[in-house]
Structures are given as C-alpha cells and as structure tokens.
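Taking it in order: structure first as structure tokens, then the write-up.
Computation of the quantities below employed the complete heavy-atom set of this structure, encompassing side-chain atoms and omitting hydrogens, waters and symmetry-equivalent molecules. Within every chain, numbering begins at 1; the chains are lettered A, B, ... in the order of the sequence lines, protein sequences first and strands thereafter.
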Protein chains: 2
Amino acid sequence: MTYEEFKQLFKLSKENIYKEILIDNRQSIRIKKENTVIKNLEKIFEAALKISSRKGFQAMSMRDLSRASGLSMGALYSYFSGKAAIMDMLRHQLENTIKRIFQERLNPDMDPLTKLRTAIETHLYLSEAMRLWFYFSYMESKNMNRVEREKAMAAELGTEKIFIDILNEGREKGAFRRQDPYLTAAAIKAVLQDWYLKRWKYSGRSITVDQYATFLTDLIETFVLPPPLES
Amino acid sequence: MTYEEFKQLFKLSKENIYKEILIDNRQSIRIKKENTVIKNLEKIFEAALKISSRKGFQAMSMRDLSRASGLSMGALYSYFSGKAAIMDMLRHQLENTIKRIFQERLNPDMDPLTKLRTAIETHLYLSEAMRLWFYFSYMESKNMNRVEREKAMAAELGTEKIFIDILNEGREKGAFRRQDPYLTAAAIKAVLQDWYLKRWKYSGRSITVDQYATFLTDLIETFVLPPPLES
DNA sequence: GTCTATATACGGATAGAC
DNA sequence: GTCTATCCGTATATAGAC
C-alpha cells in the first residue's frame, strides 16, 4: 500500500477529528451549536499545533493563539478550561486515533511478516497524515502534568508492544530468527519517530514517505528474517 | 571497548568542561577569580540541565535556577548576559566536545567496519557520559533563535556525515553491500538518539549501554555487510 | 563577589458589554 | 457567541548595599 492509498482509505477528515474532540469534551465546552464548535476547534488546534511546532507550547502565549486562530481571548476560553487543557486534548485525541487505525488495519490472521510490514506502514503513514500531532505529543510529553505524562509513556509502550508481539509471534512460528524483541521493537519505533521529528532533514533530501517505508521495512527484515541458507 | 573503559580513557572531567566554557565566554563573565567561576558554572549548569530535563528550559524560571544552584538572582547574572545565553553556551560546549572526541577516537586508517563500530560506540558512550547535555540540545534546539537553531541542525548533519562517509568508503572498498548511505546513516543516528531520549524506557528494562551498543552494531552490520555466500 | 529589593513587562485568566 | 478591558501573579533583569 502506498501513502496515497492510505490517505484515500482512512479519510482522517478534520471534520471527524474535531467532532470526536467535541464529544469527548462536551462538558467543558460552553458553546452550544455543533457547527460553530467544530469550525472553531479546527482553527484553534491548527493554530496551536503550528505555533507549538515552531517555538514550543510553553512559549506560545494565549495572545499568540488568539491572533493566529482569529478568536478573541474571551472566545478562546469558551472552548477549554485553560492552556493546559489544550495539551491534554491534543494528546488524548491522537492516542484514540492511533488505537482506532491500528485496530482497523492489523488483522490477527495475517502471517507475521505481513503483520510486521503493515504495522510499520500504518504507523509511518498515520504519522505523515497527522505529522504535527505526533510531533507535538513527542516534544511536549515531558512538560505535561504527572497523569498526562504517564499516559503519554503508556501510549509509547502500547504501540511498541504491537511490534514486540509481532516479533515474538514470528519467532514462535519459526518465521523470524532469534533476536531481542524489546530492542528490535524499540529500534523500529526510534526510526519511525525520526520521520516526523526530523522532517526538515528528509524534506531537504526529497525523501518521500514511501521511500522511507521501503527502507525501514528492508532494514528490519534483513535483521529479523533468517539468513539465506548456505546449501 | 566497554563504557567503563571509555570513561577511564576520556576523563570528561567537570573541571575541564567548565574551564572550556569559561575560556569561550571570558568577555561576558564578570567574575575574575577562575576557581570561583568554575565552581559556580558547575552549580549553574548542573542545575539548569536537571530542571530543564524535568520541565523544559522555557518553563524553568531564573528563580528556579537561583534556588537549585544556590546562587542569588544577582549573582547568576554575573555569569551570563541572560537566560538565552545559558542555552547557547550549553549547545556550543556540547558541540565542541563531540568534535574533539570524534577526532581523538576515529583513525582514518581503520578499515570501514572497525570505523563504523568505533563511531557508533563513541557516539553512544559520549551521550551516556553527557546524557543531559545531549537531551537538552535535542529537545531545546527548536526553541533556539535562528542562528543557534541553524548551528544545531548543522551539528546533526555533521555527526551524520561521519556515518555517511564511513558507509560510502565501505562500499567503495567492497566491504559493505549496496544500500542508501543517507538513510542508513539517518537510521543509525535515530537509534543512537533514542538511547538518551528515552532513558526511562531502557532503565525500566535494565538495559545497559554496552548491551545497547552491541545490539545497534549487530543491527547495522547485518544490514550493511554482504550476505553470507551461498556456496 | 554576592546579596536583597525593585523596575518593568508580559503571562493566563475572567467580568461584563454587546 | 464573541468581544474589549482589566485583574493580578510571575517573569526577566538590574541597581545598589554590603
């Protein structure tokens, strides 16, 4: 599957994303009309992600956000209880989306190699489609409060576990050779994350997400597949 | 070489590091007595790194730093021109140390495989010895001013180029198989960085830096060495 | 060389008009 | 629903005593 096909298949439409945020936060949002909320949530979060990616969430003032989103200070505070809540909503929404997409894409009946390839592709393509969300969650997780920070670490371990399980299954079924599944999974995650963390580097070299997917799949398969038999 | 041997060999003594910082910033430090400066620079930077690693540099107030370093607000400002200067000094000092250590450790006459192993080891062990410096430079580089941010990106490309050159040399000499040296080098860097970025994860699993070095070397060698001949 | 006290600006958040 | 005006705490930075 290519990135274009992925985008077609999982229309991660802004409409859907912000509708989910509204549902999850109905009680703290003081505005009644659904259409208004969704339109403004989009403005607010797009602006917050853009500013945060440039100078960090802490350095973004509510006045910055007001200017960039086009809403006044007063209006902003009708949509969340405070600055910290924006961070929580971003992290939470991304986590839900990741869970949903992996469940839709990963079929337990796949053979281990297919499963491994699909998991790598899915993570990479999703992080491409929601790049600033991933970047934000990674860079800001250390600045979250205790509860949110622990959720962020749990999410990191959660997606890593997907890879650990696949690697273990592959070894049990004799499809993969012996290797440390924890370290291998950690390495897969590290390289997956590099794609959205150092976008400037890959853009500068005109590497496409499909090329990156092919490379990473190659790297990992060379490592986990049994060496060619010497006959 | 193990990490213990590395530490013995390159005594990255605090004394030396802060002496270098003093030399590089003689004009902006208003205190005359060298011993006083070195003692206090150590207090200041250790505290700044610790606080920043917990809640980020932006969120660290000068009052936080004053309390943690044991110096008053007034005294602090005798050692640098402003908060931003602390960031610049940290980034700059790390960059100099990296350059120096790589020059000492990498010998142009080594064969490509030895060179590759040595470069991986050197980067990993140095980042272990100066973990908070690496973590700081990585996480805060996006919040630097334009000039400093560009220096940070140049440094990233600089150490990556070490790996690209080794991979190219290995291919020219027939020691390595065909692969994209840019992507391979980027992957090496990503996994190297994961070690100091996600220390909580590796500590939780009791992985030592030597185990990590062995794993990464294995992963990359399996990928770049020619496959065993089918005879 | 180090301290306390303070100047000044900017931050998040809210009240109340429209 | 959205805006403007403002409260009030805390930020960086410095002046000047010791």
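Within residues 25-34 of chain B, the residues that place at least one heavy atom under 4.0 Å from DNA chain C are, in residue-number order, B:I31, B:K32, B:K33. Scanning residues 50-62 of chain A for heavy-atom distances under 4.0 Å to DNA chain C yields A:M60, A:S61, A:M62.
Heavy atoms only, all atoms of each residue included: A:A152 and A:S141 are closest at CB-CB, 3.8 Å. When all heavy atoms of A:M87 and A:N143 are compared, the pair lying nearest together is CE-O, 3.6 Å.
Counting any heavy atom pair closer than 4.0 Å across all strands shown, B:S78 reaches a base atom.
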Just list the side-chain donor-acceptor pairs under 3.5 Å for residues 45-52 of chain A, sequence neighbours left out, or say none.
unit_1 : atom_1 : unit_2 : atom_2 : d
A:E46  : OE2    : A:Y18  : OH     : 2.7
A:S52  : OG     : A:A48  : O      : 2.7

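Between the side chains of A:K198 and A:Q193, no donor N or O sits under 3.5 Å from an acceptor N or O.
Residues forming a ring pair (Phe, Tyr, Trp, His ring centres under 6.0 Å) with A:Y182 (at least two apart in sequence, or on another chain): none. Looking at residues two or more places apart in sequence or on another chain, you find no ring pair (Phe, Tyr, Trp, His ring centres under 6.0 Å) involving B:W133. B:Y3 meets the ring pair (Phe, Tyr, Trp, His ring centres under 6.0 Å) test with B:Y125; sequence neighbours excluded. For A:F57, the ring pair (Phe, Tyr, Trp, His ring centres under 6.0 Å) partners two or more places apart in sequence, or in a different chain, are A:F136. Scanning for salt bridge (Lys or Arg N to Asp or Glu O under 4.0 Å) contacts around A:D165 gives A:K161, with sequence neighbours left out.
Close approach of DNA chain D to chain A, defined as any atom under 4.0 Å from a non-hydrogen atom of the protein, starts and stops at D:dG1 to D:dT6.
If you take CG of A:L71 and P of C:dA13, they are 16 Å apart, rounded to a whole angstrom. Taking atom CZ of A:F80 as the reference point, atom P of C:dG12 lies 10 Å away to the nearest angstrom.
The list of ring-ring contact (aromatic ring centres under 6.0 Å, His included) pairs with a residue in residues 138-162 of chain A, not counting sequence neighbours, is empty. For residues 85-94 of chain A, the pairs satisfying salt bridge (charged side-chain N to carboxylate O under 4.0 Å, His left out) are A:R91-A:E95, A:R91-A:E148, with sequence neighbours left out.
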**Report entry** Stepwise salt bridge (charged side-chain N to carboxylate O under 4.0 Å, His left out) test for B:E156 and B:R149
**Finding:** CA-CA 11 Å; B:E156 158 85 17; B:R149 197 170 55 247; over 6 Å; no
Query - Evaluation steps, side chain to side chain donor-acceptor pair (under 3.5 Å), between B:T122 and B:R105 - result: CA-CA 7 Å; B:T122 301; B:R105 283 265 284 165; 3.0 Å; yes
So which protein nitrogen or oxygen atoms get under 3.5 Å of nucleotides 5-7 of chain C's nitrogens or oxygens?
none

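Checking the phosphate oxygens (OP1, OP2) of C:dT14, no side-chain nitrogen or oxygen of A:Y77 falls inside 4.0 Å.
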